[in-house]
Every structure is written in C-alpha cells, then in structure tokens.
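Everything on this sheet refers to the single structure shown next.
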2 protein chains.
Amino acid sequence: MVERLSKRGKNILQAVVSEYIATGEPVGSRTISKKQYLDLSAASIRNVMADIEEMGYLSQPHTSAGRIPTDRGLRYYVDCILTVRKLTKKEKQSIERTYRPQNLQLIDIMKETSSLLSNFSQYTGIIIAPKFGNMIFEQIEFVKLRKNQILAVFIPKAGTVRNKIIETEEELSQDELHKFTKYLNEILSDLSLKDVRKKIINEMKKEKNMCNWLLSQALRLSQEAFSSDMDDDVFIDGKFNIFDCPEFCDMEKVKTLFRAFEKKNILVKLLDQVIQGEGIQISIGTENQFQEMQECSIIASPYTWGEYASGTLGVIGPTRMNYCDIVPMVDYTARTVSKIMDAKYQ
Amino acid sequence: MVERLSKRGKNILQAVVSEYIATGEPVGSRTISKKQYLDLSAASIRNVMADIEEMGYLSQPHTSAGRIPTDRGLRYYVDCILTVRKLTKKEKQSIERTYRPQNLQLIDIMKETSSLLSNFSQYTGIIIAPKFGNMIFEQIEFVKLRKNQILAVFIPKAGTVRNKIIETEEELSQDELHKFTKYLNEILSDLSLKDVRKKIINEMKKEKNMCNWLLSQALRLSQEAFSSDMDDDVFIDGKFNIFDCPEFCDMEKVKTLFRAFEKKNILVKLLDQVIQGEGIQISIGTENQFQEMQECSIIASPYTWGEYASGTLGVIGPTRMNYCDIVPMVDYTARTVSKIMDAKYQ
DNA sequence: ATTAGCACTCAACATCAAAGAGTGCTAATG
DNA sequence: CATTAGCACTCTTTGATGTTGAGTGCTAAT
C-alpha cells in the first residue's frame, strides 16, 4: 500500500534521496536546509522527516544520525517523484557509435552492449542473449569428420552458428548426409527451434510406420543436433566496479554478491523476473527474491528482435544508484540494440 | 646468490615455513620449540632465526612479532627443503575420474581441469588451451548462407571446431564451394595452422601468374577463414576462493588482483613465463614481473598433446600456499590431461 | 654450545573523555 | 497556526591513555 505524500513531503524525500545518492551518507536536516532546495528551516524539515519516517520511507541508522531512504522510500521516489534526465545528443551518438562497425556478429553485439552498459553506468552491465529456443531455423549442415563422427552445423536465421559433434553407430557417407540436410532444410524451414523439436518428434512418429531408413536416420541425427544445452548466454561486464561503491566495503557482502554473479541462472531468473511488461523495469533492493542481491537494484529493459525473439539487458548496482541518469541510458541502449538487430536481420 | 644453510638452519626454516603456511601468522621462537619438531629451547632457536633473517630468508613485521618467510626464504624452502607428498591412490583416481565421461570435447576437458585444479587446491585453477596456431589442419568446409555470405567451418585434427562468417563480393554457388574445399583439403592436409597461413600466401603468389579464377577464389576465402583472432583460450575457475585467504582481507589488494584476472593476456604471459623447461615450475611472489600478482605464487606445469601442441595449467594462490600438497597435484593433473588428450586424438 | 632469565619493544585491546552531528521537544514569533 | 530558534539529549567518532602479552636480543649461568 502506497501512502500519499504532501507536496512538501515529496520535495523533502526528493532532497534526501538525491543527497543520499550523491554521498552515500545519512542525510541530516541541516544539510538539506542549507542546500536551498527549499526555503525551510532545519526544524521544519525535521518535523516532516519524522512523518515520512513513520510512513516507512526513511530510516535512521541510529538516533543521532541523519536519515537514509528505505527500499520503499526509493520505490516511492522512482514511481512518483523521479523525472529522468533526457540524454544529450552526444550521449545518444556515443551509444549508437558502439554498433557502427560493420560485420558485428550477434556475439559481438552482446559483448559490446554489456561493456557499454557497464562503462556508462560505472556499475555492472548485463545482457542476456535471445533464447536459443526462439531462434528461427534457417539451415542445417552435416559434415563428415571421421568414421563415426559427424559435425552438425546449425545456422539460425539470425544469431550465432552452433556446432555439435555427433557420434553415430553406422558410418554415413557425405552423400547421404547431403540428402539428409536437403530433406531437413525443407521440412524445418522457418520454424522456431522449439517448434523444430516438436516437428522432429512428430515426423519420427510418422516415420516409424513408413520405415524409410534414410528419413529416420536424418531425423535421428537432427534430434541429436538439437538436443544441445539450452543454457542462456549471459554477458556481464564491469563486475569489479562494485569494489568502488562504499556500501560494498564489507568483504562478506562482496563475497556473496560475487558468488551470485557466478551463478548465471540466478542472473537469468532475476532479469526474467524483473521484466514483465514493456519498457524499463526497476527492482529495488529487497524487492527481488534473491538474498544475495538484496543490496542491489536492477534497472532492466527487454529488447526485441523483429518478431523472432527477445532478451533482456540492464544494469546492476547498489540501491543508491543514479536512477535519473541510468534509466534513460538503459532505455536508449535497449532501443538501439533492438533497432540494430532488426536492421541486421530482417 | 643462494647462501647455504646449516642442517639446523634448514630445520628451523622448515619449521617456520610450515607453521606460517598453516596459520598465516608470524611465527615465534616459542611456538617452534614447543611443537617438538626439534629439541631446542626457544633461545637457541632465536639465535638461529636471527642468522637466517640476516641472510634474507626471514623477516619481521615489527620488533615484537614473530618471523615470516620472505619470498627468497620460500624459494629456498621450495628448492632445497621441500619434499612433496606422494598422492594417495584415492586422490589419483579422483583426478582420473574427472576425465572418465565419454565424449568430452576439448572445451569440456579445459573446463573440467580448471575446476579440478581449483577444487583440489582451494585456490584459483587455470589452464590455457593449446595455441590455435599449433592446431593441425584436418578439414575445412564452406557453407553458403545468404547471397554474399559464406560460413567457413574449420575442423582441426583435434580441438574445437571454429566457425567464421565471410562476406564475399560475388555470389558463389554451393557447387563452387565444394570444389574449393576439395582443393584446399588436399593441399593443406596435416599442416599446422601456422604453416597453413604460409602455404596459402605462397600458393597465392603462384596463382597470380596462372590466373585460375577458381583457385584464387578458394585461396582468398581460406585466407579470410584463417585470419581469425589468435586469442588464447584461458579457462579459469575458483577466482573467488581467494576471498577466503586472510592475506587478502584488504580491499585494495583484492581489487587489483581481480583486475589482473580480467586481463587474460597477463595470465597468459604469466604462465608462459613461468614455463620454461619441463615439469612443474613455481613462481613465488615478486619473482614474477606483474605488479598485480606479486602477492601470489603460481605452480604451473606444461601439458602435451602428442606432438601437436601443448598448453599450460596451474594454480594461482597466495605465496603461503601448501606447496607440499599442491605441487604433486598439479603435476599429476598435467600428466593425466596429457594422457587423456593423447588417447583421444592420436 | 645451550639455555634460563630478564629488560625491552611494540601491536593490540580496552577504557575514557571530548567533540560533533543530528535529533525531538518546547516556547517564542510573525 | 505554521514556522523556527533554542536547548537538552543521544549516540557515533576520534583520540588519548594505560595495560597486556607476545616476542625479541642480550647476558650470564650451566
């Protein structure tokens, strides 16, 4: 339940949050009154701050310290107070320039993006590649390696080519393999990988009866080729930037956070969970379910890729992040990535 | 210059080093005399320790503290005192079991090894894959993708299959591509990648005169295919184990070390530098040239791969590592990896 | 040659006082 | 009646001070 704040309350919460984001220290009433954000005496500000604290938006580390915003306070700030900065032309260009080079493969785009997000924010940049299962089938090739080994090369309509080595029981000639691929490339064309899997199983059922050795072999091979791991590709950059955040001066905290970074599945779940709707989504501190990450905020956005598939990108940093600057940056990066990928592979 | 130590001196240095490795704290004379390694009073030990300190093998953090071994002291210990433990049967089996699963690809072996080294040592495990340039050519395939795009699939005699997408100016038919590969597979067979590059350049010179369009196209394509980046593949695991070392409780140290871990080229140079001869090599603290790594020791060993190529593996940890246990483990791991790889691809 | 004994050094720890930042409450103010 | 100056109070931070204990080097006794 969100309690409403008076105009003045908002102003003061705003002042506390900005100051806290800038310094990382608890903010006192005097500090605010001096900075002429508002023309109020310290005493008046104290009164209001006490009210806001009662609502749960602020807290005091101890009696004689200033206030720091709670996660709820930051949430209120983000939802009801924050107006994000507009990016300058220069900044926009600098984002776009990242994708200027010709011949960027999907993997390059991912790497560049995570690095961009990290450099811009000075926190940790992360991007999850479009899900493997959503890739659209374009072509498969089988190359004979040694006696009983075949290399399957899967070429999606867009995205990274993947190889898989398959061991076979009987030896197959390159000629037979050509026939297989021709057949497969026909029946699987333009399906998503998920559908490819289904299709193969269906075809296999049909084949059972028809007993066509060639077809059933082809299907068996392709099934192996597509059984490959479904791990999401996660690209992460600037992990070590958090060393520079004063709130992570505690070894234990850093340790647990880094261990979390190592578990890619946590990151994937985290981002997936954050992204429900369209556009920028923000998760603040304890709002996410992962113990290890509850000192962090995540600013994330989905990016799209034609109608094919989509992934997620974002920035992970301390709850005291500069939302005002980072939100529009993440947003513009997501839009740019979407645009670039659409352009590259219609 | 290595100064010689008396029998007694050796015993005491040994005692100090063992104790220091076990506790990480400066070691006092009483501690040693109590532990009945030797039957000497604290006072006698003090005298000897003062001598050893003068030689530069021990140092005192401050007057009223015990001694810790210097890097030189550890070097002396490793060279002249240390007798490594023999691995138990169980330990050997546990190492071998890592490579038991069928169908391990090169990349799996690398991953498993780095993880093995890290788990066993409780420090950071690292392995550098055999250099790309040393791989032996087995086969190349060209797959037509879209109008002006060709996928080159390079299959080395052993090692990881690599793809490269090549943009061409003219459209080439799959039929032509087949001819290319047939030609290339013939002339390049069994060369190392380095030699492949040379050969292509030579052939191109010859071709210039003969003006055979087909051949010159094939050569141009293959040149592009093999121009790919020569980055060494580095597999590293257990980076975060060093959080548990008391000597890395200082944020700054951890920070610089991790930044070094991120720069793969430092790691490659470091390992390459350590490995000069055969067998286990050890670099202690300041013996290596990289500022960021001078609080660390590296225990490394080359591994071989038939006559084809070889790489390096090892453990990075604090100078106060358990050399006695880790040295034989690294050694046995290197031997096992060599054996496995030889068996897999003769 | 070895060692017990002793004076000495110095980090680590605890104790204590003072300083300073910030608060909440009350009474005065426009 | 909202605002604010003033003040007593709280609690962290800092620095000074003293104490403890581990460890040393030296000397004299064994």
Side-chain angles (χ1 to χ4, degrees), chain A residues 5-13 15-70 73 246-247 249-250, chain B residues 5-13 15-70 73 246-247 249-250:
Chain A
L5 279 180
S6 65
K7 182 77 189 140
R8 169 175 295 178
K10 279 191 185 181
N11 283 336
I12 288 181
L13 181 55
V16 173
V17 170
S18 318
E19 194 64 23
Y20 177 69
I21 285 177
T23 67
E25 302 284 300
V27 185
S29 52
R30 256 178 64 87
T31 321
I32 294 180
S33 80
K34 266 192 296 187
K35 294 239 168 151
Q36 83 252 34
Y37 290 123
L38 329 134
D39 272 331
L40 282 175
S41 74
S44 309
I45 292 174
R46 275 204 288 281
N47 286 328
V48 184
M49 275 165 96
D51 294 344
I52 305 182
E53 179 169 2
E54 219 169 328
M55 294 185 202
Y57 295 151
L58 292 176
S59 74
Q60 278 185 298
H62 54 85
T63 5
S64 72
R67 259 88 172 190
I68 58 178
T70 61
E247 46 266 80
C249 60
D250 179 20
Chain B
L5 278 181
S6 65
K7 182 78 190 140
R8 170 174 293 177
K10 276 192 186 180
N11 282 336
I12 289 182
L13 181 56
V16 173
V17 171
S18 317
E19 194 64 23
Y20 177 69
I21 285 176
T23 66
E25 301 286 301
V27 185
S29 51
R30 256 178 65 86
T31 321
I32 293 180
S33 80
K34 266 192 295 189
K35 293 238 170 151
Q36 82 254 28
Y37 289 123
L38 327 136
D39 270 331
L40 283 175
S41 75
S44 310
I45 292 175
R46 272 204 289 283
N47 285 328
V48 184
M49 277 165 97
D51 295 345
I52 306 182
E53 179 170 0
E54 220 168 328
M55 294 187 203
Y57 295 150
L58 292 177
S59 74
Q60 278 185 297
H62 53 84
T63 3
S64 72
R67 259 88 172 189
I68 57 177
T70 60
E247 45 267 79
C249 60
D250 178 21

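Protein chains get the first letters and strands the later ones, always in sequence-line order, with residue 1 at the start of each.
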Pairing annotation in dot-bracket form, given for DNA chain D with Watson-Crick or G-U pairs under 3.5 Å and | for cross-strand partners: ||||||||||||||||||||||||||||||
Write down the atom of Leu58(B), the atom of Pro69(B), and the distance for their closest heavy-atom approach. CD2-CA, 3.7 Å
Looking at every non-hydrogen atom in both residues, tell me the closest pair between Gly9(B) and Val48(B) and how far apart they are. CA-CG1, 4.0 Å
Nucleotide range of DNA chain D lying under 4.0 Å from chain A heavy atoms: dT3(D) to dT12(D)
Toward the 5' end of DNA chain C, by each residue's nearest nucleotide, Ser41(B) or Gly66(A): Ser41(B)
Which whole-number value in Å describes the distance from Leu40(B) CG to dA1(C) P? 14 Å
Once you apply a heavy-atom cut-off of 4.0 Å, does Thr63(B) come out as touching a base, just sugar-phosphate, or nothing? sugar-phosphate
Roughly how far apart are Asn47(A) CG and Ser29(A) OG, rounded to 0.5 Å? 9.5 Å
Rounded to the nearest 0.5 Å, what's the gap from CZ on Arg8(A) to CD1 on Ile52(A)? Could you check? 10.5 Å
Just jot down the side-chain contact (heavy atoms from CB on, under 4.5 Å) partners of Asp250(A), sequence neighbours excluded, or say none. Glu252(A), Lys253(A)
Tell me every residue that passes side chain to side chain donor-acceptor pair (under 3.5 Å) with Glu247(B), counting only those two or more places apart in sequence or in another chain. Arg320(B)
Could you list all N or O pairs between the protein and nucleotides 27-30 of chain C that sit under 3.5 Å apart?
none

Side-chain atoms of residues 18-26 of chain A: list all donor-acceptor pairs with protein atoms under 3.5 Å, sequence neighbours left out, distances to 0.1 Å.
| unit_1 | atom_1 | unit_2 | atom_2 | d |
| --- | --- | --- | --- | --- |
| Ser18(A) | OG | Gln14(A) | O | 2.7 |
| Glu19(A) | OE2 | Lys35(A) | NZ | 3.1 |
| Thr23(A) | OG1 | Glu19(A) | O | 3.0 |
| Thr23(A) | OG1 | Glu25(A) | N | 3.1 |

So which atom in Val27(B) and which in Val16(B) form the shortest heavy-atom distance, rounded to 0.1 Å? CG2-O, 3.7 Å
Pairs where residues 40-52 of chain A contributes a residue and the test salt bridge (charged side-chain N to carboxylate O under 4.0 Å, His left out) is met, not counting sequence neighbours: none
Residues two or more places apart in sequence or in another chain: which of them pass side chain to side chain donor-acceptor pair (under 3.5 Å) with Gln60(A)? none
List, with names and distances, any nitrogen or oxygen atoms from the protein found under 3.5 Å away from nitrogen or oxygen atoms belonging to nucleotides 17-21 of chain C.
none

The test is side-chain contact (heavy atoms from CB on, under 4.5 Å); show your working for Leu5(A) and Tyr57(A) and say whether it passes. CA-CA 10 Å; Leu5(A) 279 180; Tyr57(A) 295 151; 4.1 Å; yes
Report the distance from atom CZ of Arg46(B) to atom C1' of dT3(C), rounded to the nearest whole Å. 10 Å
With sequence neighbours left out, the residues meeting side chain to side chain donor-acceptor pair (under 3.5 Å) with Glu53(B) are Arg67(B)
Restricting to non-hydrogen atoms, name the atom on Gly73(B) and the atom on Leu13(B) that form the minimum distance, rounded to 0.1 Å. O-CD2, 4.1 Å
Treating Thr70(B) as the side-chain partner and Gly56(B) as the backbone partner, does any N or O pair qualify as donor plus acceptor under 3.5 Å? yes
Using a strict heavy-atom distance below 4.0 Å, which residues from residues 23-30 of chain A are in contact with DNA chain C? Gly28(A), Ser29(A)
Which residues pass the side chain to side chain donor-acceptor pair (under 3.5 Å) test with Ser44(A), not counting sequence neighbours? Ser41(A)
